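Accompanying notes for the structure given below.
Quick caveat: nothing in here was measured; it's all calculated off a predicted structure.
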Amino acid sequence: MASVHESLYFNPMMTNGVVHANVFGIKDWVTPYKIAVLVLLNEMGRTGEGAVSLMERRRLNQLLLPLLQGPDITLSKLYKLIEESCPQLANSVQIRIKLMAEGELKDMEQFFDDLSDSFSGTEPEVHKTSVVGLFLRHMILAYSKLSFSQVFKLYTALQQYFQNGEKKAVEDADMELTSREEGERKMEKEELDVSVREEEVSCSGPLSQKQAEFFLSQQAALLKNDETKALTPASLQKELNNLLKFNPDFAEAHYLSYLNNLRVQDVFSSTHSLLHYFDRLILTGAESKSNGEEGYGRSLRYAALNLAALHCRFGHYQQAELALQEAIRIAQESNDHVCLQHCLSWLYVLGQKRSDSYVLLEHSVKKAVHFGLPYLASLGIQSLVQQRAFAGKTANKLMDALKDSDLLHWKHSLSELIDISIAQKTAIWRLYGRSTMALQQAQMLLSMNSLESVSAGVQQNNTESFAVALCHLAELHAEQGCFAAAAEVLKHLKERFPPNTQHAQLWMLCDQKIQFDRAMNDGKYHLADSLVTGITALNSIEGVYRKAVVLQAQNQMTEAHKLLQKLLTYCEKLKNTEMVISVLLSVAELYWRSSSPTIAMPVLLQALALSKEYRLQYLASETVLNLAYAQLILGIPEQALTLLHMAIEPILADGAILDKGRAMFLVAKCQVASAASYDPPKKAEALEAAIENLNEAKNYFAKVDCKERIRDVVYFQARLYNALGKTQERNRCAMLFRQLHQELPSHGVPLINHL
């Protein structure tokens, strides 16, 4: 039995010219690259302090850790890295490696014999327990374990490594000469192709356990903090497959493969990798060594729980429920309260559409606090606040609840949940129609730094909450007519969350919606119609609603009405109150554009009742605006003006520029209609006031480039100037109207017949 154990632990093997140990035994082995790093360390020790400047030595020290922990790299790349830090030392390293590779085997033997001298003396060059000291000792030990045949293979691999480096240097020089004739662009392409091929030839061997652990932890951290800096999904999967080829039982590699497949929404591969991760975790005994039989059961129940979460993410709710039931059964058998709490949270996620789901959520929060699980407790509070916001609870109560959860976040340094909390506040303020407060919260989140330490050059907080906040910011700027600022925010979003990343759909939808609104404002309905397909692919409800808006603008009233009725029924079933109110407003507009304002009144009153019940202040103001317009059409402008005074303040304070313009335009229409029965002096004064309001409305419409509404405003102004006898102003407005009317034909719709 002892001989078997020794053969597993000490018996090195050779693969692809690289000497390495059995994966169950020695954690490190000697490679040509590591010999080059040892030469660098030896030269650093031999070089006196005066020969290398302080800044160069500091740069070299910063370079050492990535070289010791990272995967093997080509010799030419290593030379380049050393040369950037200290050109003098790079030359010395190059000469030493050349002498060793072009010399004899005894030169390499002598080199490893001399390495032990680094630890000798009263003041040794390297301390045994330092990072460099441990690396040197590991390399000396691994080398001493090699048989003669393995030493010879290592030396042959070193010669090949050196020759590849020399070949690369010659090719670089040749390409530098040809680039003067063929151009820089072609040179860069060829250089890239050659470097990739050389990397594959010279560094195709397996990673040591330490290198693999460093690579996995680095990529996992990048996927969490800054996905753009991580390897592309295809490249990362290729590296992981190579790693698993030499060590198929490396559980952590399977888990990173699971995360990588989630990036590209590959349900089959991600499920496969997740199951392999828990299988290997059980097989290697990583859990059971410390926890006995309990560790085995723990892996099983958390495997079922993770599988439920995976199915839930992809919308497979039935499979998720089955996996969750299995996790609950095993957790109850093991009396694992922590696992049961996680299961309870996922039960809420699966059943949140049910009317009694808040009971589950409240119970989950209480239990999480009882068992000392601040992360779960805070997530539960966040979900509860979101549910109460959709149920129409007052903002002050919701903010008090979020304040309590924030105390938990700061107490336990839960930076991710701090971000989620602020993003939640941004969304709640927008839901309630308070754009100024939403803007303030979004900017607060963007100005925050992460509490987690990340390496230099890595973007912090590349999380979903940041993507949500930036999307809100882009939409808020677009609503105020600041399209250049919105474009800058979207450009930053595209750089921070490229199209292949998991949160890219958020800015894609935001971008499509802004483009749609601009096309509609500009009267380019064909362009808006082409954008509907992209919006529907990202959000089906939003896409159907915007399709109905386009049909309505193109006077296809029957088709628009059918679509809106279907959408209304579906949204009422889903209890999507915000969309229900928007659909009701569109239906009401469709009725009065069809000369049926009396039918629109009950629809508008229903929308007003819903917006008041759910405290959606902005939608309530917009509904009142529509009610006032309906009353104007019915011939009661005085009542319409009274209603407008109720609704106009929130719209001017927090409304979009387009809605501000609509409100001022409607005020002017009501003023003119009310002035019909006034005395001539009072009537003239009312018309002058209406013209001032029309000028303000025109300025608002100009900010969002809404030419169709500007055309209606100048038409109305021309008629008012004519009534007042101001010929010059009338002619100016008439000329502007003619230009806009030729550019934007009215499609047979009577002018001033929409809000």
(request) List the steps and the verdict of side chain to side chain contact (heavy atoms under 4.5 Å, CB included) for Asn521 and Arg709. (result) CA-CA 8 Å; Asn521 292 344; Arg709 293 183 186 275; 5.9 Å; no
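- Although no hydrogens or angles enter the test, the distance criterion places no donor-acceptor pair under 3.5 Å between the side chain of Ser421 and the main chain of Leu417.
- Side chain of Asn699 to backbone of Asn695: a donor-acceptor contact under 3.5 angstrom is found.
- Contact check on Arg430 versus Glu479 returns a salt bridge, with a Lys/Arg side-chain nitrogen under 4.0 Å from an Asp/Glu carboxylate oxygen.
- Closest heavy-atom contact between Tyr700 and Ile657: O-CG2, 3.0 Å.
- Using a cutoff of 4.0 Å between basic side-chain nitrogens and carboxylate oxygens, Lys660 and Glu696 are not scored as salt-bridged.
- Comment: Lys425 engages Asp406 in a salt bridge, judged by a side-chain N to carboxylate O separation of less than 4.0 angstrom.
- Between Ala320 and Cys312 the shortest heavy-atom distance is CB-N, 3.8 Å.
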Under 3.5 Å, which donor-acceptor pairs do the side chains of residues 638-655 form with other protein atoms, sequence neighbours left out?
| from | atom 1 | to | atom 2 | distance (Å) |
| --- | --- | --- | --- | --- |
| Thr642 | OG1 | Glu638 | O | 3.0 |
| Asp654 | OD1 | Thr436 | OG1 | 3.1 |

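- When only modelled atom types and interatomic distance are considered, Ser465 and Thr463 share a side-chain donor-acceptor pair under 3.5 Å.
- Within 6.0 Å of the CD atom in Gln318, the count of heavy atoms belonging to other residues, nucleotides or ligands does not exceed 12.
- With Ser540 contributing its side chain and Thr536 its backbone, the two residues share no donor-acceptor pair below 3.5 Å.
- Put simply, the side chain of Leu585 reaches to within 4.5 Å of the side chain of Leu604, judged on heavy atoms.
- Checked by atom type and distance alone, the side chain of Ser674 pairs as donor or acceptor with a backbone atom of Cys670 at under 3.5 Å.
- Side-chain contact between Leu262 and Arg313 is present, with heavy atoms from C-beta onward closer than 4.5 Å.
- Distance alone, capped at 3.5 Å, is enough to place a donor-acceptor pair between the Ser405 side chain and the Leu402 backbone.
- Ring planes of His316 and His311: tilted class, angle from 30 to 60°.
- Here the side chains of Trp507 and Phe497 are in contact, with some heavy-atom distance below 4.5 Å.
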(message) Using the rule given for side chain to side chain contact (heavy atoms under 4.5 Å, CB included), can you reason through Phe665 versus Asp712, listing the C-alpha separation, both sets of side-chain angles and the distance that settles it, and then say yes or no?
(response) CA-CA 9 Å; Phe665 194 12; Asp712 292 349; 3.9 Å; yes
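- The number of heavy-atom neighbours closer than 6.0 Å to CZ of Arg719, taken from other residues, nucleotides and ligands shown, is 12 or below.
- Ile428 has its side chain within reach of Met399: a pair of non-hydrogen atoms, C-beta onward, lies under 4.5 Å apart.
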(request) Take Tyr317 and Val349 through the test side chain to side chain contact (heavy atoms under 4.5 Å, CB included) and record every step on the way to the result. (result) CA-CA 10 Å; Tyr317 298 115; Val349 173; over 6 Å; no
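- Judged by distance alone, the side chain of Asp522 and the main-chain N or O of Arg518 form no donor-acceptor pair under 3.5 Å.
- Between Trp592 and Tyr629, the distance from one ring center to the other falls under 6.0 angstrom.
- Under the 4.5 Å side-chain criterion, counting only non-hydrogen atoms from C-beta, Ser364 is in contact with Gln341.
- In this structure, the side chains of Gln387 and Tyr348 come closer than 4.5 Å at one or more pairs of heavy atoms.
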Would you mind writing out the side-chain donor-acceptor pairs for residues 561-573 within the sub-3.5 Å range, not counting sequence neighbours?
| from | atom 1 | to | atom 2 | distance (Å) |
| --- | --- | --- | --- | --- |
| His561 | NE2 | Gln565 | NE2 | 3.4 |
| His561 | NE2 | Tyr591 | OH | 3.2 |
| Thr569 | OG1 | Gln565 | O | 3.0 |

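- Between Thr577 and Phe390 the shortest side-chain heavy-atom distance does not fall below 4.5 Å.
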Check residues 685-694 and write down every donor-acceptor pair under 3.5 Å in which the side-chain atom is one partner and the other belongs to a residue at least two apart or another chain.
| from | atom 1 | to | atom 2 | distance (Å) |
| --- | --- | --- | --- | --- |
| Glu688 | OE2 | Lys726 | NZ | 2.7 |
| Asn693 | ND2 | Gln671 | OE1 | 2.8 |
| Asn693 | ND2 | Ala689 | O | 3.4 |

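- Between Phe737 and Tyr715, the ring planes lie tilted relative to each other; the angle falls in the 30° to 60° range.
- Donor-acceptor pairing under 3.5 Å is lacking for the side chains of Gln441 and Arg434.
- For the 3.5 Å distance criterion, the side chains of Asp511 and Gln515 qualify, holding a donor opposite an acceptor.
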(request) Check step by step if side chain to side chain contact (heavy atoms under 4.5 Å, CB included) holds for Gln556 and Glu559. (result) CA-CA 6 Å; Gln556 299 179 38; Glu559 292 85 349; 3.5 Å; yes
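- Here Glu362 does not pair with Lys366 in a salt bridge; the nearest charged N to carboxylate O distance is not below 4.0 Å.
- A donor-acceptor pair under 3.5 Å is absent between the side-chain atoms of Ser378 and the main chain of Tyr375, judged by distance alone.
- Counting only distance, with no hydrogens or angles, the side chain of Arg615 and the backbone of Gly392 share a donor-acceptor pair below 3.5 Å.
- The shortest side-chain heavy-atom distance between His409 and Ile420 does not fall under the 4.5 Å cut-off.
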